[in-house]
Novice: 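Mind looking over this structure? Questions follow.
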Amino acid sequence: MSQACTLAVVVDAPQHSALREALSYLSDTAWPAGTLVQVPLGRRMVCGIVWPAAAGDPEPGVELRPVAAALDTLAPLPPHWCNLVSFAAGYYQRSVGEVALGAVPPELRRLDNKQLALRLKRLARLTPPGGAAPVWPDPTPEQAAALRAWREAGTQPALLFGSTGSGKTEVYLRAVADTLAAGRQALVLVPEINLTPQLEQRFAERFPDRLIVSLHSGLTPAQRLRHWLAAHLGQADIVLGTRMAVFTPLPRPGLIVVDEEHDPSYKSQEGARYSARDLAVYRGRLEQCPVLLASATPSLESWHQAERGRYVRLSMPTRIGGGVLPTVKFIDLNHVPRAAAHHEALTPPLLAALGQRLERGEQSLVLLNRRGYAPVLHCLECGWKSGCPHCSAWRVFHRSDRSLRCHHCGYTERVPRACPDCGNADIRPVGRGTERLEEQLAEALPGARVARIDADTTRAKGALEAELGRMHAGEVDILVGTQMVAKGHDFRGVTLVAVVNPDAALFSSDFRAGERLFALLMQAAGRAGRDAAQAARSEVLVQTWHPAHPLYQALRTHDYEAFAASQLAERAMAGLPPHAHLALVRAEGRTQEGAQAWLQAAADLAGVPQGVTLYPPVPMSLQRVANIERAQMLVEAASRPVLQRFLADWVPALHGLRGDHKGLVRWAVDVDPLAI
DNA sequence: AGCACGCCGACT
DNA sequence: GTCGGCGTGCTC
């Protein structure tokens, strides 16, 4: 057989291997870029993708091997898809192959042409469910204005800034309708899997004769492949998914929506640490299609872009149906009796407010961002605390199964009867989590039906739906939960949202903690009074030692814009994003010194240009996890291009740094990190 | 990452 | 005498 040409092929090689670029293979057919192929790599056969760019020069003396098979019954991945992947790989400093193969359903990698043909045939069974003709409510004047402005914006990204309950979803449902009418596909990103079913439902009602598919990690491998194929082949008109869906190949893209665009879940925290929101914006520019970012509390990055005129801002300040935003009140912990303030989550004013709801038959939501019974156990005799032997963290006391659990490495033991150090029987829980709060509420308000939703109660499949169902059915009076319940769920009967004590975020070393707290509280406030009739007596109660804090004052007046302005001013002063651009280099090793030594060696390799600052290596705030020591080094740059140029020169050189750093386990670069 | 090869301890 | 520990090195 003649081997007519050489092809550039990317394979799934991790960043740590030397294989950063495409490899060269021989082929008798000039398969077009985007074709999936099977190629020999070392002693195994792997899935690769024919790549548009030229391959790196093979090492001299390497004999090229032939492509073993091509999955040519599948339409090649479109050129723009390859461009998006190449960009993401370059921007986030990963190999193209890792990003490319990571963006393809795992199931697809294993199929040959024959198996694929079978799946493609079965695809025909995916059809729109049909159903009653949809009811499109008349847009409010605000929604109509937002849509007009959006249509005029063309392909310029738009930031839909609408308060909770202003009907943002209605706006992007209309935008999707426009897109479908023009014969294009719409991609809608949501931050969490939990939020896909209800949104899918809503889309299905509006577009009964269109095929809607979802893409997220909760699907079975077969479902994921089927949905991905439906999108890639243009059969699906609407793709709804989590961050991974930003890479869905679409033959006729017409709109990308990023719902709750401020949500940190859009930033991947492992592997290639990409931001799906930022990639969505890039993809929009690449494919000349509009991008709609929606939030009641936009990320400061997006808000900044809108302020600079890069994004079109569509504002919708008014709640639909005349609903007003709930009153925000503060319980000043300085003014409640000292013992109550320090030892009880439930102050008299909070209990009174909850009692009032009980009498009126209304529901309450109590938020506490800490699961378990108590974050730590403490021996009153010798001072022992329930530290994790493998991590620099406390193990959390879970009363339900009487366990001490490390939330970082998973190390779990039964709670000791007595102090393991001194044998004293008096060991006590310190602080409180949702379990304890649930218990205290039940004690303080006998007869109240108290329920709890957090990662522990919703582990089982369908458990979250079941609990939400009970809440909606009015079978629960008080729902205790972590931020999980603050997101997206529409609780009609809730007239009180209480936040037990969110002060820690005010003084956190994480520069985004304030932004996150504000978004969480605004979102939580949005849970109350969705029903206009109850809006007037709906309130948010925040227990705090610092009621005068500017963040809380902005919350009181629901004034995101004032909050954003003050935060942006602070960030400018401190040289933080979006006014500066950051990257973190992280190293993990057997010892802290070893991890830092590797970072120092990396720093010594860098030719630091004008506009870039390299800070010294420091231990990470969570210094040790599962007996691995972690350190990091901050890179700060005045602009994105300066940072990108620096990283492009520097990071590839770090691969050759292994040698005399024996204890080093791994290292990685995090571009645009969420926390430093 | 896989998956080799490679050189030193307790077992059929 | 082998089975196997995971150190280090390569993959077009």
Side-chain angles (χ1 to χ4, degrees), chain A residues 1-71 82 85-86 88-89 92-110 217 221 244 268-274 586-591 594-595 597-598 601 626-629 651-670:
Chain A
M1 197 188 289
S2 69
Q3 303 294 342
C5 60
T6 62
L7 293 177
V9 175
V10 296
V11 295
D12 186 9
Q15 191 194 28
H16 283 239
S17 74
L19 308 175
R20 296 204 84 222
E21 295 179 90
L23 304 177
S24 299
Y25 284 89
L26 299 170
S27 171
D28 54 352
T29 309
W31 302 114
T35 305
L36 268 73
V37 290
Q38 292 289 122
V39 291
L41 182 69
R43 259 140 285 245
R44 64 208 163 111
M45 198 58 81
V46 297
C47 179
I49 301 174
V50 179
W51 213 246
D57 284 332
E59 300 283 312
V62 171
E63 196 165 326
L64 299 192
R65 300 167 73 182
V67 168
L71 205 59
C82 298
V85 165
S86 287
Y92 295 104
Q93 298 296 325
R94 310 294 291 205
S95 76
V96 175
E98 182 193 8
V99 178
L101 276 301
V104 158
E107 188 79 348
L108 185 59
R109 298 206 215 172
R110 291 202 295 275
S217 60
M244 64 161 68
S268 163
Q269 290 301 331
E270 58 199 16
R273 299 162 103 92
Y274 62 89
R586 298 210 173 91
E588 300 184 2
R590 301 250 66 107
T591 64
W598 184 89
N627 285 327
I628 299 293
E629 290 283 336
V651 177
L654 303 186
H655 294 280
L657 215 57
R658 255 309 175 30
D660 33 292
H661 296 271
K662 294 232 1 146
L664 189 79
V665 178
R666 58 182 153 255
W667 62 274
V669 180
D670 187 349

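Letters go in sequence order (proteins before strands), and every chain restarts at 1.
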Novice: Which one of Thr35(A), Leu71(A), Asp12(A), Leu101(A) satisfies the side-chain contact (heavy atoms from CB on, under 4.5 Å) criterion with Ile49(A)?
Specialist: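 Among the candidates, only Leu101(A) passes.
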
Novice: Whole angstroms only, please: what is the CZ-C1' distance between Arg109(A) and dG2(B)?
Specialist: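 To the nearest whole Å, that distance equals 13 Å.
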
Novice: Output, in order, the C-alpha distance, side-chain angles, deciding distance and verdict of side-chain contact (heavy atoms from CB on, under 4.5 Å) for Leu654(A) and Trp598(A).
Specialist: CA-CA 10 Å; Leu654(A) 303 186; Trp598(A) 184 89; 4.0 Å; yes

Novice: Find the distance Met45(A):CE to dA1(B):P and express it as a whole number of Å.
Specialist: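 Answer to the nearest Å: 23 Å.
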
Novice: Please give, in whole Å, the distance from dC12(C) P to Leu26(A) CG?
Specialist: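 One finds 11 Å between P of dC12(C) and CG of Leu26(A), rounded.
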
Novice: Among Arg43(A), Arg44(A), Gln38(A), which residue meets the side-chain contact (heavy atoms from CB on, under 4.5 Å) test with Leu41(A)?
Specialist: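 Of the listed options, the one satisfying the test is Arg44(A).
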
Novice: By the 4.0 Å heavy-atom rule, please label Arg44(A) as base, sugar-phosphate, or nothing.
Specialist: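 Result for Arg44(A) = base.
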
Novice: Quick check: are there more than 12 heavy atoms from other residues, nucleotides or ligands sitting under 6.0 Å from CD of Gln269(A)?
Specialist: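 Result for CD/Gln269(A): enclosed.
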
Novice: Figure out the NE2/C1' separation between His655(A) and dT11(C), and round it to whole Å.
Specialist: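 One finds 16 Å between C1' of dT11(C) and NE2 of His655(A), rounded.
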
Novice: I need the CH2-P distance between Trp667(A) and dA1(B), as an integer number of Å.
Specialist: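 Answer to the nearest Å: 12 Å.
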
Novice: Tell me the interatomic distance from Gln38(A), atom CD, to dC12(C), atom P, rounded to whole angstroms.
Specialist: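 Computing the Gln38(A):CD to dC12(C):P distance gives 14 Å.
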
Novice: Output the rounded distance in Å from CZ (Arg65(A)) to C1' (dC10(C)).
Specialist: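 So the CZ-C1' distance, Arg65(A) to dC10(C), works out to 12 Å.
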
Novice: Glu63(A) CD to dC10(C) P: how many Å, rounded?
Specialist: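 Glu63(A) atom CD is separated from dC10(C) atom P by 18 Å.
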
